[in-house]
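Notes for the one structure printed next.
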Amino acid sequence: MTAIRKEILSNTKRVLVKIGSGVLTGKNGLDPQIIEQLVDEIAELTSKGYHIVIVTSGAIASGKHRMGITGKLKSIPLKQAAAAIGQGRLMRLYSNAFGKHGLYVAQVLLTISDITDRKRFLNIRNTFSTLMDWKVITIINENDTVAIDEIKFGDNDNLAAMVASIIDAHLLINLTSVEGLYDSNPAHSKKAKLIPLVREITEEIEAAAAEEGTAEGTGGMKSKVMAAKKVTALGIPYIIAMGKEKGILQSVISGKEKGTLFLPMNKHLKSRKYWIAFTLKSRGKLFLDEGAQKAILEEGKSLLPSGVMKVEGRFDTGDPITCVDAEGKPIAKGLANYSSSEIMQIKGLKTNQIEQILGYKDYDEIIHRNNMVLTKE
Ligand code: GLU
């Protein structure tokens with residue numbers, strides 16, 4: 001075991017395991033044997049005191065197979081219908097396999113709109129925590145049958161990154177059909193080498209992961225690395241490993257050098273700030289002058305009306321918005337204390353002029369520092 005893995009894994013108890021469609025399926029659709037193999041491992045880890053939560057794919061792949069369709073499903077209604085068929089079967093296989101170990105499973109199907117609302121986010125968090133207290137294995141998937149583009153996580157790599165934040169996971173293991181991240185695409189080059197450790201997600205790392213998804217799953221290595229960015233920003237270590245390999249979870253958790261480990265960032269975001277930075281979709285832009293940029297980037301200050309030069313988009317009080325520099329490059333994201341039409345009227349002004357113009361002043365700041373995250377690269 002390398003010293004780094006030992007250190008990372010030393011206090012790991014709450015583990016999120018994401019299982020990709022490519023792992024769960026064989027020639028005949030969902031493969032009950034591989035599901036049993038993984039479930040046996042998870043049950044053993046549970047008996048050793050680990051809390052394992054699962055994000056699973058495989059609903060669409062299973063439904064598709066049931067309908068005798070090969071290749072990628074092209075339209076959204078086809079995918080949604082396939083997911084409706086496959087999700088039940090997927091859960092039945094998990095439920096049967098965990099049942100052999102005397103463990104119950106709970107199904108949670110999410111769309112992104114379930115977690116962009118702070119209250120619902122906190123409710124879901126409480127539900128997860130109760131399920132964990134009850135030692136029930138929570139199995140999560142995107143609610144594919146109802147999710148349309150605007151409310152989609154996109155792929156289960158992203159869903160897993162969001163769930164890691166909700167449950168405060170100590171580790172996220174992303175089980176996939178390759179051994180980890182390679183320095184070039186192993187499907188195209190025999191010289192491709194596995195990268196065992198990523199300290200920082202640089203441009204080279206992103207370039208190494210440029211390929212898209214397969215016919216079975218939605219995400220490819222690219223979406224796994226995008227998820228790594230989010231997860232490591234939360235201070236959570238992230239490991240991509242080969243899901244079909246026997247004993248893979250035991251190996252990873254016991255610190256064997258398997259797959260690719262992405263180290264957590266030292267200065268990581270608290271859950272609420274993570275929610276602002278990654279979960280919420282921005283509704284508008286504020287162009288800031290140089291003074292405001294400096295105050296935010298270097299002095300840890302809030303955003304005041306005086307620093308806003310231009311407003312773009314229509315948004316309400318409380319909506320997430322992006323602060324950009326004069327060229328439109330993002331600097332920060334945060335929750336607006338005033339609506340876009342109010343900011344149009346008070347931009348460039350001193351705080352003591354707000355009331356004069358609007359007839360009221362609920363806040364001095366346009367975005368309070370507590371509701372702001374720096375996003376400059
Ligand atoms: N939610 C999809 C399913 O269960 C999988 C999405 C993905 O592979 O990223 O089929």
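We count ligands from 1, going down the list as the structure has it; atoms in each ligand are counted the same way.
Checked against side chain to side chain contact (heavy atoms under 4.5 Å, CB included), N96 has the following partners two or more places apart in sequence or in another chain: R92. Scanning for side-chain hydrogen bond (donor to acceptor under 3.5 Å, both in side chains) contacts around S251 gives an empty result, with sequence neighbours left out.
At a 4.0 Å heavy-atom cut-off, ligand 1 touches N141 through the side chain alone. Residue-level proximity to ligand 1 for I60 is carried by backbone and side chain together, each with a heavy atom below 4.0 angstrom.
In terms of polar-atom proximity, defined here as any N/O pair under 3.5 Å, K18 makes no such contact with ligand 1. Distances between N or O atoms of N156 and those of ligand 1 include at least one value under 3.5 Å. Considering backbone and side-chain atoms alike, A61 places every N or O at 3.5 Å or more from each N or O of ligand 1. Geometrically, ligand 1 and Q87 share no nitrogen or oxygen pair separated by less than 3.5 Å.
Residue-ligand proximity: A83 is placed with every non-hydrogen atom at 4.0 Å or more from ligand 1.
The residues R125 and D168 are annotated as salt-bridged, a charged nitrogen and a carboxylate oxygen being separated by less than 4.0 angstrom. The pair D144-K79 does not meet the salt-bridge criterion, since no charged nitrogen lies less than 4.0 angstrom from a carboxylate oxygen. Between E290 and K294, none of the side-chain N atoms (NZ, or NE/NH1/NH2) sits under 4.0 Å from a carboxylate O, so this pair counts as no salt bridge.
Listed by atom number, the atoms of ligand 1 under 4.0 Å from D155 heavy atoms are 9 (O). Taking every non-hydrogen atom of S57 and a distance limit under 4.0 Å, the qualifying atoms of ligand 1 come out as 4 (O), 5 (C), 7 (C), 8 (O).
Linking ILVMFWY side-chain heavy atoms closer than 4.5 Å, directly or via other members, places Y238 and I205 in a single hydrophobic cluster.
For the pair V15/L249, no side-chain contact is recorded, criterion being any heavy-atom separation below 4.5 Å from C-beta on.
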